[in-house]
Amino acid sequence: TAARDLVRRLKIEGRPPGEVEVLLRDGLYPLIEPVVFTAEDSGTFDAPITYAAFPGETPTLSGGQRITGWKAEGHLWWVELPEVKSGQGQFSALWADGEYRTAARSPNEGFFYTIGVAPPLTDPQTGAVIDRSKTAFQYNPGDIRPWENLEDAIVVVFHAWDTSYGRIAELDEVNHIVTFKTAAHWPFQNWGPRQRFFVWNVFEALDEPGEWYLNRKTGVLYYWPREGESMETTEIIVPRTQQLVRFQGDIHSGRFVEFLRLKGLRFQHTDFPIPPEGMPDHQAAYQVSG
């Protein structure tokens, strides 16, 4: 950001006249918000502006923070994160020594399968028929259960080429029907029976090394370490921002960000948290911010 601001000042002063290259030295650059480039940061065709890695080095822009203060409870590590308990700083990704780790999931490998579509309901007051083909499906007993923090659970459902991330609104344990807060784009089993799904982010599914779970009510993060990992030396990183760099032009005034290059930089530790209402499938995930 400081380098960007310096280049802005140089441009206002009318110098330098030629190409500008800003070199980042090796190391980790932690960000708590994205670096924003606007039209005033643009270069020109003859004098582009480049932000590049110093030759032979690999600077990294990181949107993460290291988690420390772990305690042991049996085979699990845990740490309390007050910002999460207060409703801030929630996340849905975690890395251990640079490797992405999976939030607790069931089953650990493979998938569960739907066993039917949810039949329609009749509104007792109006008599109207309520179609549930996009909001609910039937599951095998035991695949989905009334877990302690059911609102934390995400049911990841695979359609033909799309993926839904469903938050559970209701669980009918008698008829084994799960209802979601937000409708999917496609009806369940639209392309045939036995639609694949798995359940993600429930404490009861934290059952093998390398998995983790974040209790959003208590703000406690749990991690099951892999063999050889230790609380003293293993670097656990979670994201705290969704973007690292943003190009922000003004389409209405015709002011764009142009002739600006990023070269040889590494970007790590960002997040796209699934919203409380869930995220239905959309082709190309176009609703996700770039």
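By convention here, the first residue in the shown sequence is residue 1.
In this structure, Ser62 contributes its side chain and Gly64 its backbone to a donor-acceptor pair below 3.5 Å. Under a 3.5 Å cut-off, the side chain of Arg246 and the backbone N or O of Gln248 do not form any donor-acceptor pair. Distance alone, capped at 3.5 Å, is enough to place a donor-acceptor pair between the Asp271 side chain and the Ser92 backbone. Put simply, the side chain of Lys11 gets close to the backbone of Ser42: a donor and an acceptor are under 3.5 Å apart. Of the possible polar contacts, one joining the Gln189 side chain to the Gly116 backbone as a donor-acceptor pair under 3.5 Å is found. Judged by distance alone, the side chain of Trp70 and the main-chain N or O of Ile67 form a donor-acceptor pair under 3.5 Å. A donor-acceptor pair is defined here as one N or O able to donate and one able to accept, closer than 3.5 Å; no such pair exists between the side chain of Asn175 and the backbone of Ile177. Formation of a donor-acceptor pair under 3.5 Å by the Glu13 side chain with backbone atoms of Arg8 is not found in this model. When atom types are taken as modelled, the side chain of Thr241 and the backbone of Gln243 share a donor-acceptor pair closer than 3.5 angstrom.
Between Phe158 and Phe111, the distance from one ring center to the other falls under 6.0 angstrom. Taking the six-membered ring wherever Trp is involved, the centroid distance between the rings of Phe203 and Tyr222 falls below 6.0 Å. Trp77 and Tyr223 have their aromatic ring centers within a separation under 6.0 angstrom. Within the 6.0 Å centre-distance limit, the rings of Trp95 and His269 are counted as a close aromatic pair. Separation of the Phe180 and Phe137 ring centroids falls under the 6.0 Å cut-off.
Scanning both residues, Thr234 and Ala96, for their nearest heavy atoms gives CG2-CB, 4.3 Å. Across every non-hydrogen atom of Arg66 and Thr233, the tightest pair is NH2-O, 3.9 Å. Minimum heavy-atom separation, Gly127 to Thr122: O-CG2, 3.7 Å. What you find for Pro30 and Arg240 is that their closest heavy atoms are CB-NH2, 3.9 Å.
Here CG of Asn149 is found 4.0 Å from OH of Tyr213. Values are rounded to the nearest 0.5 Å. Once rounded to the nearest 0.5 Å, the distance linking CG of Leu260 with CZ of Arg4 reads 11.0 Å. In this structure, the separation between CG on Asp281 and CG on Asp162 is 4.5 Å, given to the nearest 0.5 Å. Put simply, CD1 on Ile237 and CD on Gln65 are 9.5 Å apart, with the number rounded to the nearest 0.5 Å. For the atom pair Glu211 CD and Arg101 CZ, the distance stands at 11.0 Å (nearest 0.5 Å). If you take OG1 on Thr102 and CG on Asn108, they are separated by 9.5 Å, rounding to the nearest 0.5 Å.
Between Thr60 and Gln268, the side chains place no donor N or O within less than 3.5 Å of an acceptor N or O (distance only, hydrogens not considered). Between Asp152 and Asn215, the side chains place no donor N or O within less than 3.5 Å of an acceptor N or O (distance only, hydrogens not considered). In summary, the side chains of Ser133 and Asp131 do present a donor paired with an acceptor at a separation below 3.5 Å, with no hydrogens or angles considered. Asp41 and Tyr51 share no side-chain donor-acceptor pair at under 3.5 Å. With 3.5 Å as the limit, one finds no donor-acceptor pair spanning the side chains of Trp224 and Glu208. In this structure, a donor-acceptor pair under 3.5 Å is present between the side chains of His159 and Gln195.
Dense packing is recorded around OH of Tyr100, with more than 12 heavy atoms of other residues, nucleotides or ligands lying under 6.0 Å away. Around the NZ atom of Lys85, the shell of radius 6.0 Å holds no more than 12 heavy atoms that belong to other residues, nucleotides or ligands.
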Item to check | Check against side chain to side chain contact (heavy atoms under 4.5 Å, CB included), Thr163 and Val156 | outcome: CA-CA 7 Å; Thr163 307; Val156 182; 3.6 Å; yes
Checklist entry - For Ile168 and Val178, what are the C-alpha separation, side-chain angles and deciding distance, and is it a side chain to side chain contact (heavy atoms under 4.5 Å, CB included)? => result CA-CA 7 Å; Ile168 297 174; Val178 58; 3.9 Å; yes
Checklist entry - Passes side chain to side chain contact (heavy atoms under 4.5 Å, CB included), Phe91 versus Leu221? Steps please. => result CA-CA 10 Å; Phe91 51 87; Leu221 171 64; 4.2 Å; yes
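Salt-bridge annotation for Arg266 and Glu57: absent, with no side-chain N of the basic residue lying under 4.0 Å from a carboxylate O of the acidic one. The pair Glu40-Arg255 does not count as a salt bridge, with every side-chain nitrogen at least 4.0 angstrom from each carboxylate oxygen. At a threshold of 4.0 Å, the pair Glu19-Arg261 counts as salt-bridged, since one of the basic side-chain nitrogens sits closer than that to a carboxylate oxygen.
Side-chain contact check for Pro146 versus Glu173: some heavy-atom pair is nearer than 4.5 Å. Residues Asp5 and Val7 form no side-chain contact, since every pair of their non-hydrogen atoms from C-beta on lies 4.5 Å or further apart. Looking only at side-chain heavy atoms (C-beta outward), Trp147 and Val199 come within less than 4.5 Å of each other. Looking at Thr179 and Asp172, their side chains never come closer than 4.5 Å, going by heavy atoms from C-beta outward. Residues Pro273 and Gln242 are in side-chain contact: their nearest non-hydrogen atoms beyond the backbone lie under 4.5 Å apart. The side-chain heavy atoms of Phe267 and Leu31, taken from C-beta on, include no pair separated by under 4.5 Å. A 4.5 Å side-chain heavy-atom check between Leu24 and Leu61 finds at least one atom pair inside the cut-off.
Using bins of under 30°, 30° to 60° and over 60° for the plane-to-plane angle, the ring pair Phe37/Phe247 lands in the parallel bin.
Each of Arg167, Arg216, Lys217 was checked for a salt bridge (Lys or Arg N to Asp or Glu O under 4.0 Å) with Glu151, and the lone residue meeting it is Lys217.
Both Met231 and Leu94 belong to a common hydrophobic cluster when Ile, Leu, Val, Met, Phe, Trp and Tyr are linked at side-chain heavy-atom distances under 4.5 angstrom.
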